[in-house]
A.B. asks: 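Take this structure first; my questions come after.
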2 protein chains.
Amino acid sequence: MGPRLRTAPRKQPTQARATATVEVILQATARLLGKDGYDHLSTNKVAAAAGVSVGSLYQYFPSKEALVAALAERHRERVMGLVLERIAAHVDSPPEVAIREIVRGIIEAHGRDRALHRVLSEQIPRIGKLKTLIEDIEVHAAGAVRAWLERRPHGVRVKDPAVAAFIVSHAVEAAVHAGVLGDAAIDPAVLEDEVVDLVLRYLVK
Amino acid sequence: MGPRLRTAPRKQPTQARATATVEVILQATARLLGKDGYDHLSTNKVAAAAGVSVGSLYQYFPSKEALVAALAERHRERVMGLVLERIAAHVDSPPEVAIREIVRGIIEAHGRDRALHRVLSEQIPRIGKLKTLIEDIEVHAAGAVRAWLERRPHGVRVKDPAVAAFIVSHAVEAAVHAGVLGDAAIDPAVLEDEVVDLVLRYLVK
DNA sequence: ATCGAATGTGAGCGTACGCTCGCATCCACG
DNA sequence: CGTGGATGCGAGCGTACGCTCACATTCGAT
C-alpha cells in the first residue's frame, strides 16, 4: 500500500462506522468539558476518553476549537429550532398567550441538556469563531421578537420595536438562564410566571 | 549568600518597586488578554510583555489563573463599589428616582473601562476561583435589590422579594451589558429609559 | 474473493508551557 | 557604608500538548 496524502484535514464521515466515531468523540468532549473545563481539555485526552486514537480525531476535527464548535453548533440548532418554532406557532395568538408560550419554550429549551448547555455557555465565550455563533443567536432572537412586535400593534405600547426587542430578548434570556441553570435554581413555574409578568408589563399593559 | 527558601509562592509587595512590578504585570495581562484571549495567554508571554522576568511574576502570582483573578477582583471592587454606593444613596428616594439612579449607576459602571470589562466578561473561564467571584457579584447584587424591596412596601407590588430581586438583577445586568458593550451598542440615554421602564413596570406600577 | 477507498491506530517529533532555583541587584536602616 | 532582607533575573528542567505519518483494519462494490 502506498503512502496517503492528507492535505484536507477535515473530512465528512460517510460510512456508519465513521459517524459513530464522530458521535463518541463529541460525547467525550462534552463529558470532559463539563468535568475539567475548556482549558484542561486536550485532543489527546478526548481521544483517550472516547476510546479512539488521536489520529481518528484529527481526521474529523482539525483542532480543539473545532471540536467544541461542532458541539456548540449542534446544540444551538436544537435549541433555536425549538424556540423559533414556538414563536412561529403563536404569531396570531393574543399577547398574553403568545408571551407565555414563548417564555415557556425558552425555559424548556434551557431544561434540555442542562449540563451541556451550562458548560457551553460557561466555556464558549472565549473562543473566536464561536463568538459569532452566539451573536447569531442573539440577533436571530431579537429579530424574531421585533418582527412579532411589528406585526401586532394591538395593545402593544412600544415606541421603538428594535430597542424593545433587544432589551426583552436579553433580559429574558438572562433571567431564564440564571433561573434554570444557576446554582440557586428557581421553580420553573414561578420563573415562568415572573418572566411573563416582566415582559407583559413592559410590552403590553 | 545562602540559598533561599520559597515555600510561600505569593508575596505581598512592600517596597514601591515591587508595587510597580505588580502593576506593570497586571497591565500587560490586560493587554495580552484583549489581544490573544485567555487561552493563548501564558506566564512567559506576560512577563516578556511586561518587561519583567518570569521569576518576578511568580513571586506575586502563583499561576495564570491567579493573574487574571487579581485583574478581575480589582475591577470588580471598582464596579461593585460604584453600584452599591448608588443603591445606598437612594434607600429613601421614591422608587422612580431610586430605580433610575441605580440603573444609571450600572450603565456608568459598564462604561468605565469598557475594554477591560468586555475582555473580562468574555475571556474569564467560569471555573474554579473565577466562577465563585462572578457568583459573588450576582449574589451581592440580588441581595442588595432584595433588601431594597423589603424596606419599601410602598407601592411595590411584589409577591416574593427574593425572586423579584433575582429576576430583576439578572435582567438588568444582561440588558445593560449587551446595550453598552455589545457590537450593536444602544444610545445610553435610550437604554436608561427603557431599562428603567422595564423595572418600574415590573416592580411598582 | 478481490481490491481500492475509507477509516482507525499509536508511537513519537517538535514545541511551548509552567515553574524552579541559584544568583545578582537594590533598598532600608543602623 | 555595611548588612540583610526584599526584589529581580533568566537559563533550563520536566511535562504535556498539538499534530503527523506510516501502517493496519474494515467496508462496499464488483
Side-chain angles (χ1 to χ4, degrees), chain A residues 1-29 32-33 35-70 127-129, chain B residues 1-29 32-33 35-70 125 128-129:
Chain A
M1 269 172 220
R4 197 74 51 76
L5 256 352
R6 294 219 191 282
T7 47
R10 206 211 276 245
K11 295 170 131 190
Q12 290 300 325
T14 62
Q15 301 183 5
R17 199 162 46 126
T19 311
T21 300
V22 168
E23 180 60 32
V24 74
I25 289 174
L26 287 180
Q27 280 177 12
T29 303
L32 289 187
L33 203 56
K35 191 154 65 80
D36 305 333
Y38 183 85
D39 304 344
H40 299 100
L41 200 70
S42 86
T43 48
N44 286 330
K45 281 185 192 170
V46 169
V52 156
S53 94
V54 241
S56 297
L57 188 152
Y58 274 96
Q59 280 197 10
Y60 305 104
F61 305 99
S63 69
K64 165 171 139 181
E65 195 181 3
L67 214 45
V68 180
I127 311 172
K129 303 173 183 178
Chain B
M1 266 175 223
R4 195 75 51 75
L5 257 353
R6 293 221 192 279
T7 48
R10 205 212 276 244
K11 296 169 128 189
Q12 289 299 327
T14 63
Q15 301 183 6
R17 201 165 40 128
T19 310
T21 301
V22 168
E23 180 59 31
V24 74
I25 289 175
L26 286 181
Q27 281 177 12
T29 303
L32 288 187
L33 204 54
K35 189 154 65 81
D36 303 333
Y38 183 87
D39 305 344
H40 299 100
L41 201 70
S42 86
T43 49
N44 285 331
K45 281 184 191 167
V46 169
V52 156
S53 94
V54 240
S56 297
L57 188 153
Y58 274 96
Q59 280 195 11
Y60 305 104
F61 305 100
S63 70
K64 165 171 137 180
E65 196 182 1
L67 215 45
V68 181
K129 303 173 186 176

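Note: hydrogens, waters and symmetry copies are ignored here, and every other heavy atom, side chains too, is used. Reminder, nothing fancy here: chain letters follow the sequence lines and each chain counts from 1.
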A.B. asks: Here's a test of your reading of the structure: between B:Ser42 and A:Thr21, which maps to the more 5' nucleotide of DNA chain C?
C.D. replies: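 Mapping each residue to its closest nucleotide by heavy atoms, the 5'-most match is A:Thr21.
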A.B. asks: Can you see if the side chain of B:Ser63 gets near the phosphate of C:dG18 - specifically, an N or O under 4.0 Å from OP1 or OP2?
C.D. replies: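 No.
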A.B. asks: Going by side-chain contact (heavy atoms from CB on, under 4.5 Å), name the residues that satisfy it together with B:Ser63, two or more places apart in sequence or in a different chain.
C.D. replies: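 B:Glu65, B:Ala66.
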A.B. asks: In whole Å, what is the span from the CG atom of B:Leu57 to the C1' atom of D:dA11?
C.D. replies: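 These atoms are roughly 17 Å apart.
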A.B. asks: Tell me, please, which residues at least two apart from A:Thr43 pass side chain to side chain donor-acceptor pair (under 3.5 Å).
C.D. replies: A:Tyr58
A.B. asks: Answer with yes or no whether A:Gln15 presents, from its side chain, a donor or acceptor under 3.5 Å of a partner atom in the base of D:dG28.
C.D. replies: no
A.B. asks: Nucleotides 10-15 of chain C: which of its N/O atoms have a protein N/O under 3.5 Å away?
C.D. replies:
| unit_1 | atom_1 | unit_2 | atom_2 | d |
| --- | --- | --- | --- | --- |
| C:dG10 | N7 | A:Ser53 | OG | 3.2 |

A.B. asks: Go through the structure and list residues passing side-chain contact (heavy atoms from CB on, under 4.5 Å) with B:Ala50, not counting sequence neighbours.
C.D. replies: B:Val24, B:Ile25, B:Ala28, B:Val52
A.B. asks: Begin with the C-alpha distance, continue with both residues' side-chain angles, and end with the deciding distance and a verdict on side-chain contact (heavy atoms from CB on, under 4.5 Å) for B:Leu26 and B:Tyr60.
C.D. replies: CA-CA 11 Å; B:Leu26 286 181; B:Tyr60 305 104; over 6 Å; no
A.B. asks: Please lay out, stage by stage, how B:Asp36 and B:Leu41 fare under the test side-chain contact (heavy atoms from CB on, under 4.5 Å).
C.D. replies: CA-CA 7 Å; B:Asp36 303 333; B:Leu41 201 70; over 6 Å; no
A.B. asks: Quickly work out the B:Leu41 CG to C:dG18 P distance and round it to whole Å.
C.D. replies: 8 Å
A.B. asks: How long is the line joining CD1 of B:Ile25 and C1' of D:dC9, in whole Å?
C.D. replies: 12 Å
A.B. asks: Does B:Thr43 place a side-chain N or O at less than 4.0 Å from the phosphate oxygens OP1/OP2 of C:dC17?
C.D. replies: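 No.
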A.B. asks: Whole angstrom is fine here: how far is it from CZ in A:Arg17 over to P in D:dA24?
C.D. replies: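 Rounded to whole Å, this separation is 16 Å.
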A.B. asks: Once you round it to whole Å, what is the distance between P of C:dG18 and CD of B:Glu65?
C.D. replies: 12 Å
A.B. asks: Scan for salt bridge (Lys or Arg N to Asp or Glu O under 4.0 Å) pairs involving residues 17-28 of chain B, sequence neighbours excluded, and state none if there are none.
C.D. replies: B:Glu23-B:Arg74
A.B. asks: Given atom NZ of B:Lys64 and atom P of C:dC19, what is their separation to the nearest angstrom?
C.D. replies: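 Going from NZ in B:Lys64 over to P in C:dC19 covers 10 Å.
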A.B. asks: C:dG18 P sits how many Å from B:Gln59 CD, rounded?
C.D. replies: 18 Å
A.B. asks: So which pairs with a foot in residues 52-62 of chain B pass salt bridge (Lys or Arg N to Asp or Glu O under 4.0 Å), sequence neighbours left out?
C.D. replies: none
A.B. asks: Between B:Phe61 (CZ) and C:dG18 (C1'), how many Å, whole number?
C.D. replies: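 My rounded result for the distance is 16 Å.
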A.B. asks: Think B:Tyr60 has a side-chain N or O under 4.0 angstrom from the OP1 or OP2 of D:dG8?
C.D. replies: yes
